[in-house]
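Input: a single structure, listed below in C-alpha cells.
Chain naming here is simple, since letters A, B, ... match the order of the sequence lines and numbering starts at 1 in each. Note that the structure is a prediction, hence the values are computed from the model and not measured. What's counted below: heavy atoms across the whole structure, side chains too, no hydrogens, waters or symmetry copies.
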There are 2 protein chains.
Amino acid sequence: MSKSLELTPVETVACCSPLMSEPISTDQADRIAPLLKALADPVRLRLLSLVGAHADGEACVCDLNDAFELSQPTISHHLKVLHEVGLLDRDKRGVWVYYRVNATALADLAGLLGRGVR
Amino acid sequence: MSKSLELTPVETVACCSPLMSEPISTDQADRIAPLLKALADPVRLRLLSLVGAHADGEACVCDLNDAFELSQPTISHHLKVLHEVGLLDRDKRGVWVYYRVNATALADLAGLLGRGVR
DNA sequence: CCAAGACATTGACGAAAGTCGATGTGTTGA
DNA sequence: TCAACACATCGACTTTCGTCAATGTCTTGG
C-alpha cells in the first residue's frame, strides 16, 4: 500500500478538523459540549437513529415508545433533550407528535469533529 | 441559488450518515455513547483541542494545567477519561507525560455522525 | 540516599442526569 | 359533553459526574 500519495480518512479528518487546527475557545467549548452531551446517551443515540432512518425522515412518538423497554415519560424526556439542543424538530399533527432529524445541526457537529468542509 | 444540482454539506452528511441510513443496534449505541460522553465536556473538548493543535501533535500535562483554572488532579482526571476511551494516547518520557490525539478514534466518531467516507 | 518535582490516585461532597409513577394538557370520536 | 387516547410535565429517587484537598508513586538532581 502506498503511503505517500493516498490520504487516508484518518489523516483527512485529523488535518482538517477545526478541533485540531487551533485550540478552541472556552466559549466555543461551552456551546459545543451541550450538543455532544445530548448525543452521549445510548437511548438518545438510538432515538436519533430511529427517527433519521424512519420512512419519510420522521417518526411518531408512539413508534419510538415501542422500540424501548422504558416508560413513556422517559422517552418523552429524551426526545425533549434532543429537541432542546436543536438536533430534533418536532411537529404536532392532530393527536400525534412527529420528530425529524435536524440535518443542519448534525452536520455542524460532524464537521466540527471531522473534516472542516464548508 | 440552485437547489437541484448542488449537494450541500448538510445533505451530504444527512444522506450518508450511518446513524441515518438504518437504526443502530443497542450494542452499537452502548459502544458509541461512552466516546461521545468523554467528549461532552467543555474542559475535555478544550483539552483535546489543545493537544491536537499543539506543536508536534503532542502536549505535556504541565502545559495543559496552565491553560485552565482548575486543580491538577482535575485535569489529570479529564485526561484519564479521554485516554480510557481511546481518544488520547499517553507517552511518559522521563518525568513528563505527553498526550497525543488518537486520530483514528476521532475519525471513526466523525465518520459515524457525518458522511460515511471509507 | 534523599529531597524536589511531575503526575496519578483516593476519598469526599455538591450538582447534574436517568428513570419512574402520578398527574396534567390537548385532541378526537361517539 | 365526555371518555379515551397521545404526549408532556412534575416530583422524587438513585446513580453518575465534576471538582478539590490530601496523599501516593515515580523520576531526577544533588
Side-chain angles (χ1 to χ4, degrees), chain A residues 26-27 29-51 54 56 58-101, chain B residues 26 29-51 54 58-101:
Chain A
T26 304
D27 287 347
D30 288 340
R31 285 201 316 272
I32 299 166
L35 273 174
L36 290 168
K37 191 164 292 189
L39 267 183
D41 180 274
V43 175
R44 289 198 288 268
L45 268 178
R46 288 182 59 202
L47 278 172
L48 197 84
S49 183
L50 276 170
V51 171
H54 203 270
D56 300 331
E58 65 181 11
C60 175
V61 176
C62 52
D63 298 329
L64 302 173
N65 276 325
D66 297 343
F68 298 86
E69 292 186 352
L70 292 170
S71 69
Q72 176 264 322
T74 295
I75 298 299
S76 187
H77 162 70
H78 286 303
L79 289 171
K80 183 181 183 180
V81 171
L82 288 169
H83 174 63
E84 281 177 342
V85 299
L87 284 171
L88 282 186
D89 293 329
R90 105 193 309 159
D91 178 25
K92 176 162 186 174
R93 295 203 293 272
V95 183
W96 294 277
V97 173
Y98 293 87
Y99 282 91
R100 176 180 295 271
V101 174
Chain B
T26 305
D30 287 340
R31 284 200 317 272
I32 299 165
L35 274 174
L36 289 167
K37 191 164 291 189
L39 269 182
D41 180 274
V43 175
R44 290 197 288 268
L45 267 178
R46 289 182 59 202
L47 278 172
L48 197 84
S49 183
L50 276 170
V51 172
H54 204 269
E58 65 181 12
C60 174
V61 177
C62 53
D63 298 330
L64 301 173
N65 276 325
D66 298 344
F68 298 85
E69 292 186 353
L70 292 169
S71 70
Q72 175 263 321
T74 297
I75 299 299
S76 187
H77 161 70
H78 286 304
L79 289 171
K80 183 181 183 180
V81 171
L82 288 168
H83 173 63
E84 281 177 342
V85 299
L87 284 172
L88 282 187
D89 293 328
R90 107 193 308 160
D91 178 27
K92 177 162 184 173
R93 295 203 294 271
V95 183
W96 295 278
V97 173
Y98 294 86
Y99 282 91
R100 176 180 294 272
V101 173

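- Nucleotide D/dA8 holds its P atom 14 Å from the CH2 atom of A/W96, rounded to whole Å.
- Distances were taken from every side-chain heavy atom of B/R90 (C-beta onward) to each of C/dA8, C/dT19, D/dG18; the shortest belongs to C/dA8.
- The minimum heavy-atom distance between A/L87 and A/A38, with the atom names listed, is CD1-CB, 4.5 Å.
- Of all nucleotides listed (D/dG18, D/dA8, C/dC7), C/dC7 comes nearest to the side chain of B/V61.
- The side chain of B/V43 lies closest to D/dT19, out of C/dG18, D/dC7, D/dT19.
- Residue-level contact check: B/N65 touches neither bases nor backbone, having no heavy atom under 4.0 Å from any strand.
- Comparing atom distances between the A/H78 side chain and each of C/dT19, C/dA8, D/dC20 picks out C/dT19 as nearest.
- Under 4.0 angstrom from either OP1 or OP2 of C/dC7 there lies no side-chain N or O belonging to B/K92.
- Take the nearest nucleotide of DNA chain D for A/C60 and for A/K37: the residue whose nucleotide is more 5' is A/C60.
- Side-chain atoms of B/Q72 and base atoms of C/dA8 include a donor and an acceptor less than 3.5 Å apart.
- With rounding to whole Å, B/L82 atom CG is found 14 Å from D/dC17 atom P.
- Residue A/L70 is classed as a sugar-phosphate contact, given heavy-atom separations below 4.0 Å to backbone atoms only.
- Taking 4.0 angstrom as the limit, B/R93 places none of its side-chain polar atoms (N or O) nearer than this to OP1 or OP2 of C/dA6.
- Between the P atom of C/dA6 and the OH atom of B/Y98 lies a distance of 12 Å, rounded to the nearest Å.
- For D/dA8, the OP1/OP2 oxygens have a side-chain nitrogen or oxygen of A/Y99 closer than 4.0 Å.
- Between A/S71 and B/D63, the residue anchored closer to the 5' end of DNA chain C is B/D63, taking for each the nucleotide with the nearest heavy atom.
- Spacing between atom CZ of B/F68 and atom C1' of D/dC20 amounts to 17 Å, rounded to whole angstrom units.
- Following rounding to the nearest Å, A/D91 (CG) and D/dC7 (C1') show an atom-to-atom distance of 14 Å.
- Residue B/L36 contributes atom CG, which lies 16 Å from atom P of C/dA17 at whole-angstrom precision.
- If you measure from atom CZ of B/R44 to atom C1' of D/dT19, you get 12 Å, rounded to the nearest angstrom.
- Looking only at distances, no side-chain donor or acceptor of A/R44 sits under 3.5 Å from a matching main-chain atom of B/A33.
- A donor-acceptor pair under 3.5 Å links the side-chain atoms of A/R46 to the main chain of A/A67, judged by distance alone.
- For the pair A/D41 (side chain) and A/V43 (backbone), a donor-acceptor distance under 3.5 Å is present.
- Spacing between atom NE2 of A/H77 and atom P of C/dA22 amounts to 20 Å, rounded to whole angstrom units.
- Contact check for B/V101 versus B/L88: side-chain heavy atoms found under the 4.5 Å cut-off.
- Nearest to the side-chain atoms of A/V95 among the listed nucleotides C/dC7, C/dC20, D/dC5 stands D/dC5.
- Across B/A59 and B/H54, no two heavy atoms sit closer than the pair CB-CG, 3.8 Å.
- Closest contact between the side chain of A/T74 and the listed nucleotides C/dT19, C/dT9, D/dT9 involves C/dT19.
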